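From a predicted model like this one, the values you see are computed outputs, not experimental measurements.
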Amino acid sequence: MGKLSILREFWDFLRVRKKWWLTPIVIMLLLLGMLIFFTQSSAVVPFIYTLF
């Protein structure tokens with residue numbers, strides 16, 4: 001329930017304060033975090049290094 005309440009509170013914050021410009025930043029940070037998490041010890045790592 002803790003994770004869901006954080007998402008709900010963040011959604012309420014965006015909706016009430018009209019901070020819609022934060023949405024793409026948060027999405028990109030989540031995608032980058034997932035990329036780092038899923039490629040920590042994977043065979044895909046050499047291909048990721050070519051992107052950066």
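The minimum heavy-atom distance linking Leu22 with Phe13 is given by the pair CD1-CE2, 3.8 Å.
At most 12 heavy atoms of other shown residues, nucleotides or ligands fall within 6.0 angstrom of atom CZ in Arg17.
A single hydrophobic cluster is seen to contain both Met28 and Met34, as judged by linkage of ILVMFWY side chains at heavy-atom distances under 4.5 Å, directly or through other members. Using a 4.5 Å cut-off between side-chain heavy atoms of Ile, Leu, Val, Met, Phe, Trp and Tyr, with links allowed through other members, Phe10 and Trp21 fall into the same hydrophobic cluster.
Arg8 pairs in a side-chain contact (heavy atoms from CB on, under 4.5 Å) with only one of the listed residues (Leu4, Ile6, Asp12), which is Asp12. Checking each of Thr23, Ile25, Leu30 against Ile27 for a side-chain contact (heavy atoms from CB on, under 4.5 Å) leaves exactly one that passes, namely Thr23.
Put simply, the side chain of Trp11 does not reach to within 4.5 Å of the side chain of Leu7, judged on heavy atoms.
Once rounded to the nearest 0.5 Å, the distance linking CG of Leu32 with CD1 of Ile36 reads 4.5 Å.
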